[in-house]
Number of protein chains: 2
Amino acid sequence: MDTLANLPLTEATLFILLSLAPEPKHGYAIMKDVQALSEERIVLSTGTLYGALKRLLEQRWIRRVNDPSANGDARERKAYALTEQGRRVLRAEVSRLQKLVKAARLRAVEDQG
Amino acid sequence: MDTLANLPLTEATLFILLSLAPEPKHGYAIMKDVQALSEERIVLSTGTLYGALKRLLEQRWIRRVNDPSANGDARERKAYALTEQGRRVLRAEVSRLQKLVKAARLRAVEDQG
DNA sequence: GGCAATATGTCGCCAGACGACATATAGGAG
DNA sequence: CTCCTATATGTCGTCTGGCGACATATTGCC
């Protein structure tokens, strides 16, 4: 209920939600997307990924959907989409991060690039 | 050596370093400062605080200094200061956070708060 | 004298990241 | 036809670290 109480998100969770923000994806696609998004810095192990997805489903921040890239064949891939709740949490987290960066600037902690 | 390898910082660690950025402080002052900085959202338990300080000393991101507010009395308080290494890590972390916020904006995750 | 704020510390629990391992299919190189 | 890689999903055990609970001592106000 109280989305604020769940913050901060772990880095893995944050990137997974961020990856699902534009459109639903299946597990492996999330893994690749997070790598690209983080400029190869984050390589989610499958243990982290599927563990996080399980927790996210339980919290109802994401839900199972039909994979749009599936073409009716035998192999069924599991795709995940953000719920409204999940989107709210993501927005709250990004907002928290922005405040934090501003606070850091006030402390004269300027980035060097 | 490789400061980038230590990221991301945990929230507690980040706020402790941020608190020490302007000037050295002792443990209890850090606790109070972090509360103010985070608008009362983060209340460090002493377990978190002194556990983190111990790790930070071992990593040489902070070092012990004479408490500037001590006035030669019996009770000696332990003050901590950022090392150059610690300041580099802090800058790197803030820089990472900024990139992340920018990436989130590109994904159309706009903050409402 | 008692109570709150200041100040520093330890211990055990638990969540979660991560590496290792396991399994299965599809497609291209040799 | 076989091997290797990419795609794809999952479990298990370990370790780090946050956090609440507990312990202890000093200072200053009422």
Side-chain angles (χ1 to χ4, degrees), chain A residues 5-17 19-20 24-36 38 40-59 61-62 64-80 89 93, chain B residues 5-17 19-20 24-36 38 40-59 61-62 64-80 89 93:
Chain A
N6 302 294
L7 305 187
L9 269 36
T10 64
E11 188 173 53
T13 302
L14 172 57
F15 269 93
I16 290 170
L17 294 184
S19 172
L20 292 178
K25 287 184 183 67
H26 55 90
Y28 195 82
I30 294 172
M31 225 163 44
K32 294 294 163 189
D33 190 40
V34 167
Q35 273 178 51
S38 68
E40 307 303 309
R41 198 176 52 77
I42 300 173
V43 181
L44 293 177
S45 74
T46 58
T48 301
L49 177 65
Y50 291 103
L53 287 177
K54 194 181 172 189
R55 279 189 298 273
L56 290 170
L57 282 171
E58 283 164 6
Q59 287 171 303
W61 292 359
I62 63 175
R64 292 279 307 271
V65 293
N66 293 333
D67 188 340
S69 72
N71 31 10
D73 58 15
R75 188 157 172 82
E76 208 176 342
R77 291 188 299 181
K78 302 175 182 177
Y80 305 91
V89 173
E93 175 67 359
Chain B
N6 302 294
L7 305 188
L9 268 36
T10 64
E11 189 174 52
T13 302
L14 172 57
F15 270 93
I16 289 170
L17 295 185
S19 171
L20 293 178
K25 285 187 186 66
H26 55 90
Y28 195 81
I30 294 172
M31 227 165 45
K32 293 296 163 188
D33 190 40
V34 167
Q35 272 179 50
S38 68
E40 307 303 309
R41 197 176 52 78
I42 300 172
V43 180
L44 295 177
S45 73
T46 60
T48 302
L49 176 65
Y50 291 102
L53 287 178
K54 194 182 170 187
R55 279 190 298 275
L56 289 171
L57 280 172
E58 282 163 9
Q59 286 172 304
W61 292 359
I62 62 174
R64 293 281 304 274
V65 293
N66 291 333
D67 189 339
S69 71
N71 31 8
D73 57 15
R75 188 158 171 84
E76 210 178 342
R77 291 189 299 182
K78 302 176 183 178
Y80 305 92
V89 173
E93 175 68 358

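Computation of the quantities below employed the complete heavy-atom set of this structure, encompassing side-chain atoms and omitting hydrogens, waters and symmetry-equivalent molecules.
- The CD1-C1' distance, from A/Ile16 to C/dG16, rounds to 11 Å in whole Å.
- Residue A/His26 places its side chain closer to D/dT9 than to any other of C/dA5, D/dT9, D/dG18.
- In terms of modelled atom types and a separation under 3.5 Å, the side chain of A/Thr48 and the main chain of A/Leu44 share no donor-acceptor contact.
- Counting to the nearest Å, the P atom of D/dG18 and the CD atom of A/Glu11 are 15 Å from each other.
- The nearest whole Å value for the distance from the CG atom in B/Leu7 to the C1' atom in C/dC18 is 17 Å.
- Here D/dG18 presents its P atom at 14 Å from CZ of B/Arg41, a figure rounded to the nearest Å.
- Rounded to whole Å, the distance from CZ on A/Phe15 to C1' on C/dC18 is 17 Å.
- Counting heavy atoms from C-beta on, the side chains of B/Ile30 and B/Leu53 come closer than 4.5 Å.
- Rounded to an integer number of Å, the gap from CD of B/Gln35 to P of D/dC19 is 12 Å.
- Within the 4.5 Å cutoff, the side chain of B/Leu17 has heavy atoms near those of the B/Ile62 side chain.
- Annotation: the span from A/Glu93 atom CD to A/Thr13 atom OG1 amounts to 9.5 Å, rounded to 0.5 Å.
- Listed in residue order, the members of residues 46-59 of chain B having a heavy atom less than 4.0 Å from DNA chain D are B/Thr46, B/Gly47, B/Thr48, B/Arg55.
- Residues B/Lys25 and B/Tyr80 have side chains not in contact (no heavy-atom distance under 4.5 Å, counting atoms from C-beta outward).
- Proximity of B/Leu14 to B/Ile16: side-chain heavy atoms (C-beta onward) are nowhere separated by under 4.5 Å.
- Between A/Leu9 atom CG and C/dA15 atom C1' the separation is 14 Å, expressed in whole Å.
- One atom, OH of A/Tyr28, and another, C1' of C/dT25, lie 13 Å apart when rounded to the nearest Å.
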